[in-house]
Structures are given as C-alpha cells and as structure tokens.
Amino acid sequence: MRLTVLRAAGTAACVLMGAVVGFSAKADVSGSPPLQAQAPLVTPLHDADIDYVLTGPAGQHLHQRMRWTSTSWRQRIEPEGSATVMLTDYHTHILMVLDGTKRTATVMPAPGGSFAAPGTPAAGSWRRMGQGRIAGEACTIWESTDTDRHPTTFCYTEDGLMLGAVHDGKPVVEAVSVSRSPQPLEVFDPPPGYRRVESPR
C-alpha cells in the first residue's frame with residue numbers, strides 16, 4: 001500500500017493509506033544511531049480524515065483529502081479540483097472510481113496486494129530513524145525502499161496514520177490537518193443515481 005502512494009503521487013492521483021511533504025524540514029531527528037529495526041503500523045486503527053498536500057515532479061502542490069472508516073476498512077480519496085473520487089474497500093479488494101460529470105461508478109480490482117490489516121506491522125524492511133511532528137501530530141520516521149530500491153522515508157503515527165513521505169530525497173506528500181472524528185459510512189458509497197460500470201478485465 002505504501003508503494004502505491006509513491007507511484008501515484010507524481011501525478012497527484014492517489015494517496016496510499018496509509019497509502020503518502022517535505023516533512024524532513026519539520027522532523028526533529030536525533031543524532032543518535034537508529035533504534036532497533038521493526039516496522040510501523042501503516043493502516044489507521046481509528047476513523048480518520050486527513051488533508052494532504054502532494055508535491056508533483058515540477059514542484060506543483062495539490063491538496064488531497066483522505067477519509068478512512070475503521071469499521072469496514074474503506075477509504076475515500078478526493079483530489080483537489082477533480083470530478084473523480086476513489087473509493088476502496090479493503091475487505092473485498094474493490095476500487096470504485098466515481099465520475100461526477102458522468103455520474104458513473106467504475107468498479108475494478110483494487111491495486112496492490114500488500115494491504116496490512118489495522119494493528120498489523122507493515123511487511124518489508126524498515127529502519128526506525130527518529131521522531132518528527134507534522135500537522136501538530138507526533139510521528140515516527142521510518143526508512144524503507146520502493147520496488148526499484150529507491151530510498152524512502154515516512155512519518156507514521158502510533159495509530160497508523162501516514163503524515164508525510166519523502167521519496168528518493170524529494171518531498172512527496174505531507175498532512176496539513178488531521179482529524180480522528182467518526183466518519184459517516186455513506187461517504188464511502190456512490191451517491192444515489194450513479195450508474196455502476198464494470199471495468200474491462
């Protein structure tokens with residue numbers, strides 16, 4: 001899930017959960033050696049509503065809202081200025097792309113197979129680097145690599161919220177506001193009147 005964020009952030013299309021700026025300037029990393037290797041929680045333990053700023057390859061900034069419901073493991077992504085909304089159900093591994101102009105809901109398999117259930121540490125190799133603070137929230141800085149072995153650092157809260165990511169030394173995404181208020185379940189479904197479309201396999 002974390003790799004999905006990094007690949008999509010360049011086009012400002014999607015944020016992984018807890019799936020993705022420039023938090024390195026705000027993170028307070030101690031000069032002591034890295035702590036013992038372990039792995040972060042990368043899926044929220046509670047309902048969440050996070051406003052991110054994504055940084056594109058040319059340095060452009062775009063807001064993106066991510067909402068999560070812990071009761072049904074569902075995510076809603078709303079890119080700024082777009083008629084498209086992405087709804088992902090991680091229980092059924094189904095992605096639904098809503099098009100507000102055509103009033104359609106295109107259904108397809110959710111990308112990626114590395115979803116970590118809430119409370120489950122992420123798979124892969126991680127190194128704990130220190131502590132940071134983003135959007136008023138304390139988070140732990142973790143270093144990892146993507147599938148092309150490019151270095152990546154993330155800042156995750158103890159309850160699985162991703163607050164920032166820097167990929168290959170370049171800022172990717174940073175949270176600017178964080179809420180843990182309960183999310184209404186209806187926002188994770190298509191609005192009434194939307195036509196369901198099956199994506200070609």
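Hydrogens, waters and symmetry mates play no part in the numbers below; they use all other heavy atoms, side chains included. These figures come from a predicted structure and were not determined experimentally.
Two residues are said to be in side-chain contact when any heavy atoms from C-beta on lie closer than 4.5 Å; Q131 and T140 meet this criterion. Side-chain contact between L95 and L87 is absent, with no heavy atoms from C-beta onward closer than 4.5 Å. Between H63 and V176 the shortest side-chain heavy-atom distance falls below 4.5 Å. A heavy-atom distance below 4.5 Å is found between the side chains of T106 and M108. Side-chain contact between R128 and Q38 is present, with at least one heavy-atom pair separated by less than 4.5 Å. Between H167 and H150 the shortest side-chain heavy-atom distance falls below 4.5 Å. Within the 4.5 Å cutoff, no side-chain heavy atoms of F154 are placed close to those of P40.
Contact between A135 and A175 at its shortest, heavy atoms only, is CB-O, 3.6 Å. Closest heavy-atom contact between A117 and T43: C-CB, 4.4 Å. Taking each heavy atom of H91 and S72 in turn, the nearest pair found is CD2-O, 3.2 Å. Residues A39 and W126 share a closest heavy-atom pair of CB-CD1, 3.9 Å. Here the closest non-hydrogen pair linking L161 and A48 is CD2-CB, 3.8 Å. Among all heavy-atom pairs drawn from P192 and R103, the shortest one is O-NH2, 2.9 Å.
Note that CG of L54 is 5.0 Å distant from CD of Q64, once rounded to the nearest 0.5 Å. Going from atom CD1 of I134 over to atom CD1 of I50 covers 10.5 Å, rounded to the nearest 0.5 Å. Residue C155 holds its SG atom at 6.0 Å from CG of L163, rounded to the nearest 0.5 Å. Between atom OG1 of residue T71 and atom CD of residue Q183 there is a gap of 10.0 Å, rounded to the nearest 0.5 Å. The CG atom of D89 sits 8.5 Å away from the CE atom of M96 when rounded to the nearest 0.5 Å.
Side-chain contact of T152 with E143: a donor-acceptor pair under 3.5 Å is absent, judged by distance alone. For the residue pair Q60/T55, the side-chain donor-acceptor check at 3.5 Å is not satisfied.
Remark: D99 pairs with no residue by the salt bridge (charged side-chain N to carboxylate O under 4.0 Å, His left out) rule, at least two apart or across chains. By the side-chain contact (heavy atoms from CB on, under 4.5 Å) test, P191 pairs with L98, Y194, sequence neighbours left out. P184 is linked by a side-chain contact (heavy atoms from CB on, under 4.5 Å) to E186, V187, counting only residues two or more places apart in sequence or in another chain. Remark: L41 engages L45, P121 in a side-chain contact (heavy atoms from CB on, under 4.5 Å) (not counting sequence neighbours). Every residue two or more places apart in sequence or in another chain that forms a side-chain hydrogen bond (donor to acceptor under 3.5 Å, both in side chains) with R180 is listed here: E137, D159. With sequence neighbours excluded, the residues forming a side-chain hydrogen bond (donor to acceptor under 3.5 Å, both in side chains) with S179 are S181, listed by chain and number.
Here salt bridge (Lys or Arg N to Asp or Glu O under 4.0 Å) pairs that include residues 44-72, with residues two or more places apart or in two chains, are D49-R65, R67-E78.
Put simply, the side chain of S144 gets close to the backbone of S125: a donor and an acceptor are under 3.5 Å apart. Here the side chain of W142 pairs no donor or acceptor atom with the backbone of Y156 at under 3.5 angstrom. Side-chain N or O atoms of R74 include one that pairs as donor or acceptor with a backbone N or O of F188 at under 3.5 Å.
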Practice item. Applying side chain to side chain contact (heavy atoms under 4.5 Å, CB included), run through M66 and R76 and close with a yes or a no. Key: CA-CA 6 Å; M66 188 285 292; R76 178 185 176 104; over 6 Å; no

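No chain of hydrophobic side-chain contacts below 4.5 Å, direct or via other Ile, Leu, Val, Met, Phe, Trp or Tyr residues, connects Y90 to L185. Criterion: ILVMFWY side-chain heavy atoms under 4.5 Å apart, direct or through other members. Under it, V85 and I94 are part of a common hydrophobic cluster.
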